[in-house]
Q: 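Below: one structure in structure tokens.
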There are 2 protein chains.
Amino acid sequence: MFSGSLIKGTLKTIILKLLYEHGSMYGYEITKQVEESSEGKLKLTLGAIYPTLHKLEKGGLLSSRSVEVDNRLRKYYALTAEGKKAAIKKINEYESFARIMHTIILSNN
Amino acid sequence: MFSGSLIKGTLKTIILKLLYEHGSMYGYEITKQVEESSEGKLKLTLGAIYPTLHKLEKGGLLSSRSVEVDNRLRKYYALTAEGKKAAIKKINEYESFARIMHTIILSNN
DNA sequence: CTCATATACATAATTTTCTTATATATAAAA
DNA sequence: TTTTATATATAAGAAAATTATGTATATGAG
């Protein structure tokens, strides 16, 4: 589980990407999905997820609808048209950044 | 130049890695090196570099010596024995994190 | 000769982003 | 019945960066 700080700056990218692929998800589901696809190595904290979802919605990138399941509320989020553009942009930015980090981290000079 | 936030959490790793490969460097040199190897795409701010170098030194990972060159001070930093261990650890952590991000970001499900 | 740019360090104020703690509530399993 | 899982929300605090500011020398352009 990393020293922690590496997750910083990538949370929005992860959320946007997951919603881009899955169509619509709720907060708790996002943490479970990441935990699963990382084989338990990356655990997103809900205290970070929820404020970020709210912020993205306020910024017009997400829309939400609340659904009652088993007497519990679930708030499903989905990308708006603007959100889809932002998702693609963020993913490209991450790829570009990862390439640079690869150059720095894996070079021997 | 990324939305900015992606650099967060990777600064220490970058510094430790560069010092690991170059033996010893000064703050300004680190920013130039990163700018060059990223083809101008990644610019580390000196307002982040200097406090981080001080912090790493205080933490025992770096040692420093000041050298006067052209009537200007240069503060060269190098890894301590502990710093070398930390560098290797940080690099491994980054690689592990990058692998997970790759799984999440580049998957279609 | 002066002004912008480059070199070189340092720190303070602010902002961004995340962690940890707290709160509420239902349901199932031990 | 108490822990674990599901599900959301927010507040306090810490961590890490950006932006702004300050000092100082050197060089090249105009």
Side-chain angles (χ1 to χ4, degrees), chain A residues 1-16 18 24-36 40 42-59 61-62 64-77 90 93-94 97 101, chain B residues 1-16 18 24-36 40 42-59 61-62 64-77 90 93-94 97 101:
Chain A
M1 246 295 281
F2 325 111
S3 53
S5 59
L6 284 172
I7 297 96
K8 291 204 174 169
T10 59
L11 185 56
K12 276 184 198 168
T13 308
I14 291 172
I15 291 175
L16 292 172
L18 288 180
S24 119
M25 294 176 92
Y26 53 101
Y28 186 78
E29 186 184 15
I30 290 172
T31 66
K32 293 297 150 190
Q33 170 64 38
V34 168
E35 215 176 316
E36 193 194 312
L42 183 54
K43 286 172 189 169
L44 304 181
T45 58
L46 292 164
I49 290 279
Y50 292 122
T52 302
L53 287 170
H54 300 163
K55 200 177 166 188
L56 290 171
E57 188 177 23
K58 227 177 270 179
L61 303 185
L62 302 184
S64 70
R65 66 195 158 85
S66 287
V67 178
E68 202 184 304
V69 179
D70 294 327
N71 294 319
R72 267 189 239 98
L73 258 190
R74 263 187 207 171
K75 205 163 162 186
Y76 280 94
Y77 290 90
K90 278 276 187 189
E93 273 173 6
Y94 177 77
F97 177 72
M101 282 299 287
Chain B
M1 246 294 282
F2 325 112
S3 53
S5 60
L6 285 172
I7 295 95
K8 291 198 177 175
T10 59
L11 186 55
K12 277 183 195 167
T13 308
I14 291 171
I15 290 174
L16 293 172
L18 289 179
S24 118
M25 294 176 92
Y26 52 101
Y28 186 78
E29 187 185 13
I30 290 172
T31 65
K32 292 297 149 189
Q33 171 63 39
V34 169
E35 216 176 315
E36 193 194 313
L42 183 53
K43 286 173 189 168
L44 305 181
T45 58
L46 292 164
I49 290 280
Y50 292 122
T52 302
L53 287 169
H54 301 161
K55 200 178 166 188
L56 289 171
E57 188 177 21
K58 226 176 272 177
L61 303 186
L62 302 184
S64 69
R65 66 195 158 84
S66 287
V67 178
E68 201 186 304
V69 180
D70 296 327
N71 295 317
R72 268 189 236 96
L73 260 189
R74 265 187 205 169
K75 206 163 163 186
Y76 280 94
Y77 289 90
K90 278 276 187 189
E93 273 173 5
Y94 177 77
F97 178 72
M101 280 300 286

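Not measured: the values here are computed from a predicted model. Letters go in sequence order (proteins before strands), and every chain restarts at 1.
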Q: Check DNA chain D against residues 44-52 of chain A and give the residues with a non-hydrogen atom under 4.0 Å, in numerical order.
A: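 Output list: A:Leu46, A:Gly47, A:Tyr50, A:Pro51.
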Q: For a quick test of reading the model, state the closest non-hydrogen atom pair linking A:Ser66 to A:Leu73 and the distance between them.
A: CB-CD2, 4.0 Å
Q: Is there a side-chain contact between A:His54 and A:Tyr77 in this structure, where contact means two heavy atoms from C-beta onward sitting under 4.5 Å apart?
A: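 In contact.
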Q: If you check every side-chain atom of B:Arg74, which of C:dT7, C:dA8, D:dA17 has the closest atom?
A: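 My answer, after comparing the listed nucleotides, is C:dA8.
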Q: Decide yes or no for B:Tyr94 and B:Lys12: does some side-chain heavy atom of the first lie under 4.5 Å from some side-chain heavy atom of the second?
A: no
Q: Starting from C1' on C:dT7, measure out to CD on B:Glu36 and report it in whole angstrom.
A: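 Distance check: B:Glu36 CD to C:dT7 C1' gives 16 Å.
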Q: OP1 or OP2 of D:dA15 sitting under 4.0 Å from any side-chain N/O of B:Lys55?
A: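 Negative; the distance criterion is not met.
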Q: Ignoring hydrogens, what is the shortest heavy-atom contact between B:Leu56 and B:Leu16? Give both atom names and the distance.
A: CD1-CD2, 4.4 Å
Q: Is any side-chain N or O of A:Lys12 closer than 4.0 Å to OP1 or OP2 of C:dT17?
A: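 Answer yes for this pair, as a side-chain N or O of A:Lys12 is under 4.0 Å from OP1 or OP2.
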Q: With the side chain counted from C-beta on, respond yes when B:Phe97 and B:Glu93 share a heavy-atom pair under 4.5 Å apart, and no when they do not.
A: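 No - every pair of side-chain heavy atoms lies 4.5 Å or more apart.
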Q: Which whole-number value in Å describes the distance from B:Glu68 CD to C:dC9 P?
A: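 So the CD-P distance, B:Glu68 to C:dC9, works out to 13 Å.
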Q: Taking only N and O in the side chain of A:Lys32, is any of them less than 4.0 Å away from OP1 or OP2 of D:dA7?
A: no
Q: Taking NZ, NE, NH1 and NH2 as the nitrogens, is one of them in A:Lys32 or A:Glu29 under 4.0 Å from a carboxylate oxygen of the other?
A: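 No.
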Q: Yes or no on side-chain contact (heavy atoms from CB on, under 4.5 Å) for B:Tyr26 and B:Val67, after CA distance, side-chain angles and deciding distance?
A: CA-CA 10 Å; B:Tyr26 52 101; B:Val67 178; over 6 Å; no
Q: Whole-Å distance between C:dC18 P and A:Leu42 CG?
A: 11 Å
Q: Would you mind reading off the distance between B:Lys90 atom NZ and D:dA16 atom C1', rounded to a whole angstrom?
A: 11 Å
Q: Could you tell me how far apart A:Met25 (CE) and D:dA7 (P) are, to the nearest whole angstrom?
A: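 Nearest whole value for this atom pair: 12 Å.
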Q: Is the shortest side-chain N/O distance from A:His54 to OP1 or OP2 of D:dT8 below 4.0 Å?
A: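 It does not, given that no N or O in the side chain of A:His54 lies less than 4.0 Å from OP1 or OP2 of D:dT8.
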Q: Going from CG on A:Leu18 to CD1 on A:Ile30, what distance comes out if it is rounded to the nearest 0.5 angstrom?
A: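 Result: 6.0 Å between the selected atoms.
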Q: Measure from CD1 on B:Ile30 to P on D:dA17 and round the result to the nearest Å.
A: 13 Å
Q: What integer distance in Å separates A:Lys75:NZ from C:dT24:C1'?
A: 15 Å
Q: So B:Met101 and A:Ile14, do their side chains get closer than 4.5 Å, heavy atoms only?
A: yes
Q: Rounded to the nearest Å, what distance is computed from the OH atom of residue B:Tyr28 to the C1' atom of nucleotide C:dC9?
A: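 It works out to 12 Å between those atoms.
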Q: Whether B:Tyr26 contacts C:dC9 is assessed here as follows: a side-chain N or O lying under 4.0 Å from the phosphate OP1 or OP2. Is that the case?
A: no
Q: Write down the protein N/O and nucleotide N/O pairs, taken from nucleotides 24-27 of chain D, whose separation is under 3.5 Å; answer none if there are no such pairs.
A:
{"from": "D:dT25", "atom 1": "O2", "to": "B:Arg72", "atom 2": "NE", "distance (Å)": "3.0"}
{"from": "D:dT25", "atom 1": "O2", "to": "B:Arg72", "atom 2": "NH2", "distance (Å)": "3.3"}
{"from": "D:dA26", "atom 1": "OP1", "to": "B:Asn71", "atom 2": "ND2", "distance (Å)": "2.3"}
{"from": "D:dA26", "atom 1": "O4'", "to": "B:Arg72", "atom 2": "NH2", "distance (Å)": "2.9"}

